[in-house]
Structures are given as C-alpha cells and as structure tokens.
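Data block below; observations after.
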Amino acid sequence: MIHDNGSSNKSGNRSFEDVLNVRMSRRSTLARGAALSATGFLAALAGNKLFAPGAEAATAQGFSNTVAQGAGTAIAQAGGSQLINFAFLPAAAATGPVPNISSDYQYDVLIPWGTPLQPGGPVYDGNPATRPTAEQQTQQVGIGHDGMWLFPIGTGNDHGILAINHEYGTNQHVLGKEVPASLEDVRLSQHAHGVSVVEIKKTNGKWQVAKSNKSRRIHGNTPVTFSGPAAGSALLKTTAGNAPLGTLNNCSNGKTPWGTYLTCEENFNGYFGATGQWTRSPAQARYGFSAAGAGYGWHLFDPRFDLSNPSYKNEENRFGWVVEIDPMNPAQTPVKRTALGRFKHENAELVIGKSKRAVVYMGDDERFDYIYKFVSDGNWRLMQARGISPLDQGKLYVAKFNDDGTGNWLELTIDNPVLKAKFADQAEVLTYTRLAADALGATRMDRPEWIAAAPNGDIYCTLTNNTQRTAPDAPNPLAPNPFGHIIKWRDRNNHVGLTFKWDIVVLAKDTHSIEKSAFGSPDGLWGDPDGRLFIQTDGNQPTVNGVQLNDQMLVADPNTDEIRRIFSGVTGSEVTGITVTPDRRTMFVNLQHPGDGDPSVTNFPAPQGSGRVPRDSTIVITRKNGGIIGS
Ligand code: FEO
Ligand code: CA
Ligand code: CA
C-alpha cells in the first residue's frame, strides 16, 4: 500500500538520515576514488558484499531455512565467495495492463479477490454490476493480497495451506462508490479485509483451491483474543463491554517454527473516524487517528469505529498488533500478541537466537518511525512445553543507530526510570509503544517495511522512501529519498545481544541507469536459503528508456552485487508477498490493487477489454526448465 502519509513522530529524536549523513561521509572519505559497482551497491564503498560475513561467526537461521523453504545449500555461509546459481534472463523494463516476466519463467493466476474458499461456493468475477454481498464475501478470498505463507501438506510441493493477508481495498474498488451508504456496505468492506486461510493443491499441473475442512476467512468482525502483558489491561476494554473482534490492514507477515502464521496490522488508524465532538488524545495523535479517517466511512454506520462514541472508547487500542493464527486448526481463535508491541506493523521476521530463543524483528512503517525486536525469555520449545507462548513472555527493544556503524537495542520496560515516569505499567508501555520508543531516543527511520533474515545471520530491512526528508548534503545521496534504500545489520550474541553492527546495502536510485536492475521503493523482501535476496517494490519507480516502470520483483546475488528483474506487475499494482514450496520450484507472489481498482486501466486477471473490475491476485511463478526460483 502506498501510504506516504505524514509523519506523526514529533519526538525530536535523531533521524536515520542524520546518522547516515555522518556515516556515509566517513565511508566516502575512506573509500575516496573507489568507483561504485555497476549496480550501485554502496557496500562497494567499503569493499563489502551484501552477505559478507561479519566480525562474528555466521549463525545459521535454521528455522527460516527449514519451514516450508527446503534445506537450502547455505552457500552464503561460506563467506560470500561461492557463486549462487543466478542464470535467468532479466525481464525487460515494462509497463502496461498485463504482467511481464523473464523469458525463462512463466506465471499463472491463483485466487483473485472473490474466489470461493470452497469449490462451488459463491464467485465474484469482477462484474461491476454484481458485487458480492457482505455474507458472500465471508466465503470468498478477500482483497488487498499482501504477505502470505505456504504451510505444507505432505511434501508441500503440490499441496498446502496458504495463509494470505488482505491489507486493504478502497471503497471505490470494493463497493463501486466512494462512501458507504449502509451498514451492509460497511460489512462488505470489513469482510474483504483480514486473512484467508485456503487449502490449495496442484492437479494436472495447475494449482487450484481444494475442498477443505481447514479453509476459513478471518476478517474485520471475526472474534479474536488478547494475550501477553497487556491482555487484561483496561486500555483494551470498552465501556460497551463488546468482545474484541477482527483484524485489519493486514500488511505483511511472519511464521513460527511451531507452525503458526503471524499477520501484522499496519494502517489500522484509517478505519476509525468521528461523527461528533471528539478531542484527540496525544496517543491518538501519535497513531494518526483523525475525524475523517482514511475515507472508509465505517464510523458512519458502525459505532465501534466512531472515535466520538464514548461507549467504544479504547476500541482503537485493539488494533495495531501482531496476530497469531493456526492455519491447521479452523476452530482456533486468532490471538493478538501484546508483548510484540502496538504500532503500524509491517512484518514479523522470526529467527531462532542464542539458547533457542524466539527473536522477532519488526518495522513500524511510517516516515520517521522505528525498528524493533522482541526476544523470548527462554528456549521456545521449553516455554511451549510449560504451556507458555514464546511470544507472550520476553523483552521488546527499539533500535538506535550510531554514526560509527554500531547500534543499540533499547529495552522498552517499565523498569526504566524514563518510562516509569511516563507510563503506569508495562501494559501501557506496550499499548503506546511508539510513545515509549520516542522517550528512549530511538532512531527515526525512512519508513521501515519488510525485514528479512539471510542464512548467514545478517538481517536486511527495506526503507521504502521518505519524501519529507530535507537538508541534503554532499556526502549524503539520500536527501531527499524518493526511491528508498536497503540496510542490513548483524546482532551481537546471535540475535539476543544489546548491540549490533549496521551497513547500507543499496540506494535504489543508484540502480536507475541499468535497465535490468532499475527499481525504487523497495518493500517486500525475502532471503532464500542459497543467499539470494528477493526484492519487491511498492510505489515510486524510475523511468527507464522512456518507460515508467510498473512495480516489480528483482533478485539480488550478494556474491556479485548484481540485481536482476525477474517479474513486473500491471500498471497501478504493487508486487508483494512471497512464499515458495519446500523444493522452491514454485513461488507465490501477489499483485495488489491492479490498476488501483480502475477497470479503465486494467481488467487483470480478466482479459483486457472485458470491462471487469481488476482484482488483486496471487500469481504462481515457475521456471520453464523446472529449476529453483531465482536460478
Ligand atoms: Fe503495508 Fe508498509 O506496507
Ligand atoms: Ca509500501
Ligand atoms: Ca508493504
């Protein structure tokens, strides 16, 4: 979602660009005379490679390599000196109403918005005259396809459960009108949001929805529950006494080694508005609530989303969490894990740290907002054996980046006197995580999007762009930063330490002179077990050879610093979400909001000229020679 919304962070904390100015200046001086590599990886300035081994021993992130991703060969752990198989022909710079893919690859369309969860269920095919009813939408795949994960059944190479986020759909796209006219309209919009859990199977060479007792929809009105330190807090209770319902703006995702799916609530503030007199609290301001909201108008018919209705005070605190879903148990109630904090969660990259602790890296996607990590108190298996979720008991930290390439994790604990003076208890610290991080002096970043672990222990993060960046200076090529960049860091002590070392990987603008690698606004990110880095984009793309590029997916080979386009979407669509079968011969990605929902731009996935409303879709990508995706 291109949500280049204004910043709510007035903390005065030091911005990442300030730190970066100093850091880049120093490194440029050190590397004076060194040319940028052809693809513009700034890592070249310091002679680094993306996946270069850090000062500490590489520590395999076993889990992200083994859950549904195959064993991998972990080439990058060898120190980045071996070649990754990276031989596909790049996709040309492209625009237009249909996708474009490398000639070595092919794609198929799976589960567009409106696909029935069960074969034979109600279908929505994009006909603008026959929108689904709110009830039908609860039996169909939602809209705004974003993060997702494939949970294997059997080998998983031809059968599995796909858990997929539905981030958002505009009223114009979902309802065919700008403002809802009834509660039925609002319910349809609410039911198009959330998560789909869909059993899929490859039959006669084609992936399709399978009849299933596991498939289910979780949407804006599905019962949910809270767990962790803030679960019993008055801040999560309303005067009306209504039970907690729903998950919203499900952006990107995570997965756990115990087989569950994590869905992350991002721009939840936009669904709330005010019909009457309402005085915005400082906390509501910091989370971006406004009387008009983002234009959904739910508050006009559903008092739960009316900030001026005193009966529903605190309802807004029930959103902005990481939510755990068991994809194999349709009776499970989704759990909001409060220990992971409340902010505009992008994704939740879970790695196994020292002593088998569960470590979750997370970004807060807003201009000038922060990067976080959570560390469970103990070995995740032992905690589970004691009946404790590893995501309920642990420490939450926020990142501070220093000029010298080091960083510190600052613990967000009520035991810190700075926070003790401002917050009543840990539940309040977690419910207003952003305010606590402000108070500790965290570093204000250029919109943190996805965070991805590489097999050698490096952690990568896309910083998509920051159009409000000011004060450019000579050594800092990122001011202003309309195209974004990617950073990486390496935590001390195998992800559980309080310090880290960080580096710049690439400035997107430096790729623009090379057709096969030109990109902007990096967002989706995945490190495969061989060491390839998959980069997906959302928003501002460069113009190459006179072509204004569509959003796209590229593959980076950290050993050669080369980036190569593998796929681009349709005009007006974001490319996001990434998961593969365990053999990595099939990859699933999403086209979100094709044509921004406008059938005059594209009718995808229906044929051009059909007049159909374009529908968000999952795309199945395979290599024509049957090889590993990215090879
Ligand atoms: Fe939902 Fe920050 O992308
Ligand atoms: Ca984005
Ligand atoms: Ca995103």
Side-chain angles (χ1 to χ4, degrees), residues 1-9 142-149 164-170 192-195 247-254 262-271 287-288 294 296 319-323 343-349 361-372 434 445-452 460-468 481-487 508 519-526 534-541 549-554 569 572-579 589-594 596 616 618:
M1 177 182 189
I2 305 170
H3 35 69
D4 206 8
N5 46 343
S7 164
S8 66
N9 189 345
I143 201 169
H145 298 33
D146 206 325
M148 62 182 162
W149 200 253
I164 173 169
N165 288 351
H166 300 297
E167 187 184 36
Y168 82 104
T170 64
H193 285 73
V195 176
T247 181
L248 295 174
N249 212 271
N250 303 80
C251 180
S252 182
N253 68 295
L262 303 175
T263 182
C264 303
E265 299 182 325
E266 193 187 21
N267 290 293
F268 53 92
N269 55 313
Y271 301 96
Y287 282 88
Y296 291 95
F319 296 92
W321 304 98
V322 173
V323 190
F343 44 91
K344 294 186 179 182
H345 282 280
E346 182 74 20
N347 80 332
E349 179 73 329
Y361 291 101
M362 302 171 284
D364 182 350
D365 180 10
E366 192 167 286
R367 290 194 198 102
F368 306 113
D369 257 292
Y370 308 130
I371 290 171
Y372 297 85
R434 281 183 163 185
M445 309 297 285
D446 279 1
R447 295 189 55 201
E449 299 260 18
W450 290 45
I451 297 176
Y460 287 75
C461 178
T462 48
L463 296 157
T464 198
N465 55 51
N466 185 345
T467 51
Q468 289 182 1
N481 186 15
F483 291 107
H485 59 291
I486 301 175
I487 61 169
F519 76 97
S521 303
D523 191 338
L525 196 63
W526 178 58
F534 288 75
I535 303 165
Q536 300 172 318
T537 73
D538 171 21
N540 198 18
Q541 297 305 300
L549 300 181
N550 285 344
D551 274 310
Q552 52 186 312
M553 180 168 74
L554 310 102
S573 81
E574 167 183 354
V575 178
T576 184
I578 184 165
T579 187
V589 303
N590 288 319
L591 289 191
Q592 192 190 89
H593 58 80
D596 282 321
D616 305 55
T618 302

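Ligands are counted one by one from 1 in listed order, and the atoms in each one are counted from 1 as well. Counting from 1, the numbers follow the sequence of the chain as shown. Because the structure is predicted, anything quoted here is derived from the model rather than measured.
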Review point. Hey, what do you get for CD (Glu366) to CG (Asn466), rounding to the nearest 0.5 Å?
Key: 10.5 Å
Check your understanding: Would a 4.5 Å heavy-atom cut-off, applied to side chains only, mark His166 and Ile143 as touching?
Key -> no
Point to revise | Three-point angle Asp365:OD2, atom 2 (Fe) of ligand 1, Glu266:OE2, rounded to the nearest 10° | key: 80°
Exercise for review: Specify whether Phe268 and Tyr287 have parallel, tilted or perpendicular ring planes, treating 30° as the upper limit for parallel and 60° as the lower limit for perpendicular.
Suggested key: tilted
Practice item. Looking only at N, O or S atoms, find the one in Glu346 nearest to atom 2 (Fe) of ligand 1 and name it. Key: OE1
Practice item. Flag Glu574 as yes if one of its N/O/S atoms falls below 3.0 Å of the Ca ion (ligand 2), otherwise no. Key: no
Practice item. Using a cut-off of strictly less than 3.0 Å, determine whether Glu266 has an N/O/S atom near the Ca ion (ligand 3). Key: no
Point to revise | Closest approach of Leu525 to Ala452 (non-hydrogen atoms, all atoms of both residues) | key: O-CB, 3.7 Å
Check your understanding: With a cut-off of 3.0 Å, does any N, O or S atom of Asp523 fall short of it relative to the Ca ion (ligand 2)?
Key -> yes
Practice item. Taking Asp523 for its side chain and Asp538 for its backbone only, find out whether a donor-acceptor pair lies under 3.5 Å. Key: no
Check your understanding: What does the angle at the Ca ion (ligand 2) come to, between atom OD2 of Asp538 and atom OE2 of Glu449, rounded to 10°?
Key -> 160°
**Study point:** Identity of the N, O or S atom of Glu449 lying closest to atom 2 (Fe) of ligand 1
**Key:** OE1
Point to revise | Which N, O or S atom of Glu346 lies nearest to the Ca ion (ligand 3), by name | key: OE2
Exercise for review: With sequence neighbours excluded, tell me which residues meet salt bridge (Lys or Arg N to Asp or Glu O under 4.0 Å) with Asp364.
Suggested key: Arg434
